[in-house]
Amino acid sequence: MKRIAFLGMPNTGKSTLFNRLSGSSARVGNWPGITVDLLAVKTFLGGHMAELVDLPGIYDLQGLSEDEKIVQSFINQNKIDLAIVVICSAQIERQLSLLLQLQKLHIPCVLALNMDDEAKKMGITIDAILLEKKLKTPVVKTSAKYGEGMVELLKACTQVINQKVTTPIKKIKPLKASDQISNEKTIQTLIKLTVKYPTKLNDKNTKKLDALFLDPHWGLPIFFLIVFSIFQFIFTLGKPIQDLMTQFFSFFRVDYLEPLFTNHHGIFQSLLLDGLYLGVTTVAAFVPIIILFFLIMSVVEDSGYFSRAAFLMDTLMEKIGLDGRGFVMMLMGFGCNVPALMGTKIMRTKELRLLTMFVMPFSLCSARLQVFLFIITALFSAKYGPLVLFCLYLLSFFTIFLSALIFKHQFKNKEPIIIELPPYRFPTMNQIIKRSMLEIKHFLTRATKFIIIGVLLVWALTHFPMDVPIASEHTYSGQLGKWLSPIFHPIGINEQLVIALIFGFIAKEIVIGALAVIYGVEGSALAHHLYSNVSQIQAISFMIFTLIYTPCLSTIATLKNESKSLSFVIYSVFWALLLAWVFSFIFYQTSLYFSG
Amino acid sequence: MTTLLELAEGQSGIIHKLNMDRLLIQRLNAMGLRRGKKITVLRKAQFKGPFHIIIDTTELMIREHEASLINITSPAL
């Protein structure tokens, strides 16, 4: 088996090239010394089985960033038969250094001068034949976006892997200052010989678009307009699909599953339907939103607008230890935390990403909105209802900023924030769809087990012991509620509401359904019941707690997947619980005091 | 000797020195920030926000802190 690694700097189209060569069967693999997911695919090349691996984009082999460390341990611990070094042709001058560093390790390389179309448009010409001679490495001009140069690239790769390797591959060692200077000189000579730049470099389109999108007055309004439209698009399109799925799931349950199990013991039926089936449908409900989210986010990222948005929001976000990219993801979190958390992948510095993920669950997502709308309509007049909701949104932002401020030293970013602003590019459909499919596969494989276990746990809490009514005060959840009452009493949350909170752990949408089961009434009767049994102050306290206390199971599962750290998840959930209690306590006690 | 921080929008300078440790210099070099290169400030975000700069064909966003670590000389006319 031959191992072929894809290496290159960010924004070179490396992953697009990888996708071109790997087809659709790429999957996440495991390698010694690597804890993150790398995409890999097995294919047949030049008479050998070959494994293609897409390594993260890095600027330098030696550095200490997360991605650089991954590439280092990959190279040091896995024998690489061939490295395909992908560079953006228009930026060849600064990107050749990576190739020289790899050559020094005696790793056989093929150089792909990618985005050839772009360089041509800019009037940059590269003499690939001469470059190949000078570098003693095959050089191929490619345009992964349009699929050009793929045959030639494969041919070059075949040639290289069939050569006998004589010199053993070295481990990565720090570059000496003298090496760096000699590399620099080599590059300068090579560039002078092989690259011709036009007298005036001008990317008119990018300049014009930047003048608009980064305008000191119009930049921000345009940014918010774009985010708002994306938001509208994802959720106005996603909601009906989700509703349709919910309808289908309940239809399937009532018409097919329930009759199937009528002869079985009650508890068995309940385990399958209220436990397992609910778990599976909870996972499935996220599928359309995640697909839509990544369809749109890929467009935003690939087009180059995302880094412009980061530029616009960076000033404010720097103050709370985050960066502009985090802000965009946070706004998306107001739709649904799950894809927004997955989207933080674009931030390549660990601390920055962790802090963003840490505050993300405080975004008032659409599921929480449903719960609040029900409670607010039940208990507040049309005059005060919107005000209550508005305050909850304010509180959501406030908790995000407060948590970031408090924890910014804990997750202190040690790396310089320098972000490339690549030229505006038209994204390709192929790439966009692949990305969405990959993300959804990722979510399903990683989160399903976790979510189903969580749902079963809640099911057991609310259904056992068997001889008492479901979700009543005699079940384990009821006993837990009673046991916790010294904690919840001071914030005005009674035992029944505690049971609803336990349900809310699965998904916030379930809270209302849970209240219906707990009180034994549904719809407007439930609204009326709440109106006469829960005071407005209690209701607000309950909503504050629901907003902050713990994100849903799917969010927690995603937090775990993305951070790869259980202690981070526990830390974040614990902080949320604490913060929820403190805010509810402050609100409830002050309100009681003033209302006498 | 001035730093990148002192350049106004639209002004250019020649990178003279990067005041940071070697690993970081290597990374910045790879991003196009290298000694002897002409650097132009395209725009600055409001309220002491980041700079939008261009070196050859590479455009970058860089924060004030990092900008203050880059020594520049005025370009030869």
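No hydrogens, no waters, no symmetry mates; every other heavy atom, side chains included, goes into these values. Proteins come first, then strands; the chains are lettered A, B, ... in the order of their sequence lines, and each starts at number 1.
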Side chain, backbone, both or neither: which part of [X] has an atom under 4.5 Å from a heavy atom of chain B?
| X | result |
| --- | --- |
| A:Q188 | side chain |
| A:N11 | neither |
| A:T206 | side chain |
| A:E93 | both |
| A:L220 | neither |
| A:L61 | neither |

Under the side-chain contact (heavy atoms from CB on, under 4.5 Å) rule, collect the residues that match up with A:D116, sequence neighbours excluded. A:K120, A:K141
Heavy-atom pairs under 4.5 Å with chain A - which of B:E66, B:M61, B:E59 has more of them than the others?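 That would be B:M61.
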I'd like to know which of B:M20, B:R63, B:E64 tops the heavy-atom pair count under 4.5 Å against chain A. B:R63
Does NZ or CZ of A:R308 fall inside the cone over A:Y424's six-membered ring, less than 6.0 Å from its centre and within 45° of the axis? yes
Counting only N and O atoms by type, is there a donor-acceptor contact under 3.5 Å from the side chain of [X] to the main-chain atoms of [Y]?
| X | Y | answer |
| --- | --- | --- |
| A:Q103 | A:C109 | no |
| A:S89 | A:N114 | yes |
| B:Q11 | B:A8 | yes |
| A:Q95 | A:I92 | no |

Could you label the plane-to-plane angle of the A:F327 and A:F224 rings as parallel, tilted or perpendicular, counting under 30° as parallel and over 60° as perpendicular?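 The arrangement is perpendicular - the two ring planes meet at more than 60°.
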Pick one of side chain, backbone, both or neither for [X], based on which atoms fall under 4.5 Å of a heavy atom in chain A.
| X | value |
| --- | --- |
| B:L23 | side chain |
| B:L28 | side chain |
| B:L24 | side chain |
| B:H65 | neither |

What residue in [options] has the most heavy-atom pairs under 4.5 Å with chain B?
| options | answer |
| --- | --- |
| A:L421, A:T315, A:D60 | A:L421 |
| A:I58, A:I419, A:L96 | A:I419 |
| A:E68, A:Q180, A:Q62 | A:Q180 |

Could you list the residues that satisfy ring-ring contact (aromatic ring centres under 6.0 Å, His included) with A:F306, not counting sequence neighbours? none
Sorted by chain and residue number, the ring-ring contact (aromatic ring centres under 6.0 Å, His included) partners of A:Y305 (sequence neighbours excluded) come out as A:F213
Inspect the contact between [Y] and [X] and indicate whether a charged nitrogen and a carboxylate oxygen are less than 4.0 angstrom apart.
| X | Y | answer |
| --- | --- | --- |
| A:K145 | A:D117 | no |
| A:R353 | A:E66 | no |
| B:K37 | B:D56 | yes |
| A:R94 | A:E184 | no |

Among residues 42-49 of chain B, those lying within the under-4.5 Å heavy-atom range of chain A are B:R43, B:K44, B:A45, B:Q46, B:F47, B:K48, B:G49
